A.B. asks: 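Sharing a structure, written as structure tokens. Questions coming.
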Amino acid sequence: MSGNSQSTPRVAAIVGPYLSGKTSLMESLLFVAGALPRKGSVKEGTTVGDASLEAKARQMSVEASLAFCEYQGEAWTLIDCPGSVEFRQEAVHALMAADIAVVVCDPDPARALMAAPALKFLDDHKIPHVMFINKLEAAGSAGKLKDVLNALQQISERPLVLVEIPIKEGDQVTGYVDLISEHAYKYEAGKDADLKQMPESVLPEEHEARQLMLEKLADFDDHLMEELLGDVVPSLEEVSEDLAKDVRDDLLVPVYFGSADKDAGVRRLFQALCDEAPRVDATAARLGIPEGKDTLVQVFKSVHAQHVGKLSISRVWRGEVADGAILAGNRVSGINRLFGSQQLKQTKASAGEVVALGRMDEVRTREALTPAAKVALDWPEPLQPMLALSLHTTKSGDDVKLSLALQKLCEEDASLQVEQNAETQERILWGQGEVHLKCALDRLKSRFGLDVQANPPMVPYRETFTKAAKVHGRHKHQTGGHGQFGDVWFEVKPLPRGTGFQFEERIVGGVVPKNFFGAIEHGVVDWMKRGPLGFPVVDIHVALVDGSYHTVDSSDMAFKTAARIGMTEAAPVCHPVLLEPISEVHISVPSEYTPKAQRLVTGRRGGQVLGFDAKPGWNGWDVVSAYIPQAEMSDVIVELRSLTMGVGSFTWSFHHLQELVGRDADKVVEARKQAKAAAQ
């Protein structure tokens, strides 16, 4: 931070729906602050915010990007957050470290709903925020401003307060009237808006809009309310202070507008951030960070950078951290400010700053560190994954390399999860959607040199018996020395679904010695790992009721083999049937999309709607509860987002196993046989 900064550094996170122009807005903010000599282009991949290969290839943000700058002597870190819901985890972590958020919205009222997830998170966590309605350079956009504001108010728990109104020439926005100062300004390319005479045509609208703004501010200030009731005109200073206080207390949301591409309204927005954003101590208090004199640093993003190693991107909540300092037993090896992909080395960082700490290999995202120890702070749980891929290396010997690479990717992105399925021998990568997972595969190749094959993971089918039977298993093998002899009789029967496996012995007269009971049960369990249809067997009861033994030739191995033979004999007479896993799914959608969510469920084989109810804490949203076979879940999130403008989501969990018969079952069994044959 330079010596002319007048306050502790502050952090603003830029959030909002995909294609609303967040990256362009950060580029414009950096440009007007003098941090960029000229602006880059999203289309050309030259912006500060989209520096990664994956972002450039998709022309969209796929991770939070940070940039330091100064504006009017104030030090700022701007964080450009991805707009796609598939990368929402990045925005969640950035917002937890921010003093204030800028919610960027499209001027189309039909797209306002897309801001709902971001606004809900901000409201729930009481994060101060302002709104910037972007792209007002488009013809006809100015006429939609009130409609957009009304649509956004439907999804915001906080009152939205328009603090400026547009000045129009035809269908173009050429400037604005500041409702606080009641001054009119004309946009000028490449510089601050020029003060101008307020057009008479705007006066009626200005008076009405200003009165509405003052009334909303008066809802939180009794003195201002008394002034309005007494027809006393409040001072400019009082109105400005009221607005700033209400924003810092997260009581209301001021609404600004402009064009990031044209730099219109961006300087006004930056000035508002300087006036209204809380300081670092206020943000720390909101987050419940305890006061103290010693240094406290919290990691909110981890990056494994090529040629550099691990970077722990951290906010300094209090105190000061110097290069070489010890934090919770970890030595800081390098301190860097970030400007997109650039790292600007410095010797220390003070309260409020965001810096990348080098080589903190044992420190994880969300952890807070003091010189003496780690401190537990509240942090949102990672998002539940919704889509999975089974990964296989294309080169022999790359398995260990793949495991280490996936570990690093999951450390960087908490919404990625890796599962090693012992049953199917699959390494499964879980993520938030198609683009999220494809981006992870691209990173495996570009950063770690790994080519992998990705396929849908196997469904963990099971099988069980539907009939009871009494069966015999006998194993006799004579050799030159000791032979092998084991003889058992089983009574086998099915159990209710979900009961599991039960084994009992009902031997009378010692026809089978007790010391062989364990081996017999083990033989049954070993056989159940792969039943006659090719899948693990569940929900059966096996009783050892009779048998015989040989004093010399009987052994644990012989009785284990006899048990397997007995279960093999039971398979055809007990009528095995395939079981498929059924997921309990809770789909969250705006109420207007509830019928579409129900049709999504019933349009899948075996999909069953259980009902729907209002979503707790979400005004105008429903939760549709349903059962869906796991085999039908692979593209649910893709279709749901397509039906709901990207805002629909779901949670799921395994609920029960259900019989699958007919052609569907035959296809599963045949596919299993082919997979086993190919693996041999």
Side-chain angles (χ1 to χ4, degrees), residues 384-388 390 417 419-426 428 430 456-469 490-504 521 524-543 567-568 570-587 600-611 624-637 650-676:
Q384 184 183 32
M386 301 183 188
L387 193 64
S390 174
Q417 294 181 21
E419 171 194 352
Q420 188 68 46
N421 191 301
E423 176 189 333
T424 63
Q425 299 300 304
E426 290 180 295
I428 300 172
W430 286 90
M458 296 181 187
V459 177
Y461 292 100
R462 298 289 185 265
E463 56 184 278
T464 192
F465 294 157
T466 58
K467 300 287 185 181
F490 292 144
E491 287 183 358
V492 183
K493 64 179 181 180
L495 290 175
R497 199 70 59 243
T499 305
F501 168 62
Q502 296 177 356
F503 180 83
E504 68 169 328
E521 181 178 1
V524 174
V525 171
D526 192 48
W527 178 89
M528 289 173 61
K529 293 178 182 177
R530 185 183 178 189
L533 303 181
F535 299 93
V537 179
V538 297
D539 299 339
I540 62 171
H541 178 276
V542 177
M567 294 306 298
T568 302
V573 294
C574 289
H575 293 199
V577 65
L578 194 67
L579 299 174
E580 69 170 339
I582 305 297
S583 298
E584 182 177 13
V585 184
H586 299 284
I587 304 173
L600 182 153
V601 173
T602 56
R604 277 164 165 65
R605 176 190 61 79
Q608 178 186 354
V609 175
L610 303 177
V624 178
S625 300
Y627 290 149
I628 301 178
Q630 187 173 326
E632 300 292 314
M633 287 288 296
S634 61
D635 64 342
V636 167
I637 189 56
F650 66 82
T651 59
W652 64 274
S653 60
F654 168 77
H655 191 265
H656 65 277
L657 292 169
Q658 182 172 289
E659 289 188 15
L660 181 64
V661 297
R663 293 180 60 186
D664 292 322
D666 294 341
K667 290 179 182 178
V668 171
V669 173
E670 182 60 30
R672 181 70 162 184
K673 289 180 180 178
Q674 292 178 2
K676 287 291 183 182

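All values reported here derive from a predicted model rather than from experimental measurement.
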A.B. asks: If a pair satisfies salt bridge (Lys or Arg N to Asp or Glu O under 4.0 Å) and one of its residues is in residues 456-467, list it, with sequence neighbours excluded.
C.D. replies: Glu423-Arg462
A.B. asks: Looking at every non-hydrogen atom in both residues, tell me the closest pair between Met458 and Arg672 and how far apart they are.
C.D. replies: SD-NH1, 3.8 Å
A.B. asks: Excluding sequence neighbours, so at least two apart, what forms ring-ring contact (aromatic ring centres under 6.0 Å, His included) with Phe535?
C.D. replies: Tyr461
A.B. asks: Could you tell me which residues satisfy salt bridge (charged side-chain N to carboxylate O under 4.0 Å, His left out) with Glu584, sequence neighbours excluded, listed by chain and number?
C.D. replies: none
A.B. asks: Is the Tyr627 ring parallel, tilted or perpendicular to the His655 ring (thresholds 30°, 60°)?
C.D. replies: tilted
A.B. asks: With Ala671, which residues qualify under side-chain contact (heavy atoms from CB on, under 4.5 Å), at least two apart?
C.D. replies: none
A.B. asks: Under the salt bridge (charged side-chain N to carboxylate O under 4.0 Å, His left out) rule, collect the residues that match up with Glu580, sequence neighbours excluded.
C.D. replies: Arg605
A.B. asks: Testing the basics here: between Leu495 and Ile540, what is the closest heavy-atom pair and its distance to 0.1 Å?
C.D. replies: CD1-O, 3.4 Å
A.B. asks: Under the rule for side chain to side chain donor-acceptor pair (under 3.5 Å), what residues qualify as partners of Thr651, not counting sequence neighbours?
C.D. replies: none
A.B. asks: Residues two or more places apart in sequence or in another chain: which of them pass side chain to side chain donor-acceptor pair (under 3.5 Å) with Thr602?
C.D. replies: none
A.B. asks: Quick one: list whatever passes side chain to side chain donor-acceptor pair (under 3.5 Å) with Ser583, sequence neighbours left out.
C.D. replies: none
A.B. asks: Kindly give the heavy-atom pair with the smallest separation between Pro532 and Ala571, and that separation in Å.
C.D. replies: CG-CB, 3.7 Å
A.B. asks: Using salt bridge (charged side-chain N to carboxylate O under 4.0 Å, His left out) as the criterion, list what pairs up with Glu521, not counting sequence neighbours.
C.D. replies: none
A.B. asks: If you look at every heavy atom in Asp539 and Pro496, which pair is closest and at what distance?
C.D. replies: CG-O, 3.8 Å
A.B. asks: Tell me, which pairs form a salt bridge (Lys or Arg N to Asp or Glu O under 4.0 Å) where one or both residues lie in residues 655-671, sequence neighbours left out?
C.D. replies: Arg497-Glu659
A.B. asks: Search all heavy atoms of Ile428 against all heavy atoms of Ala388 and return the closest pair with its distance.
C.D. replies: CG2-CB, 3.7 Å
A.B. asks: Quick one: list whatever passes ring-ring contact (aromatic ring centres under 6.0 Å, His included) with Trp430, sequence neighbours left out.
C.D. replies: Trp652
A.B. asks: Taking all non-hydrogen atoms of both residues, which atom of Leu660 and which atom of Val577 are closest, and how far apart?
C.D. replies: O-CG2, 4.3 Å
A.B. asks: Checking His575 now: which residues fulfil ring-ring contact (aromatic ring centres under 6.0 Å, His included) with it, not counting sequence neighbours?
C.D. replies: none
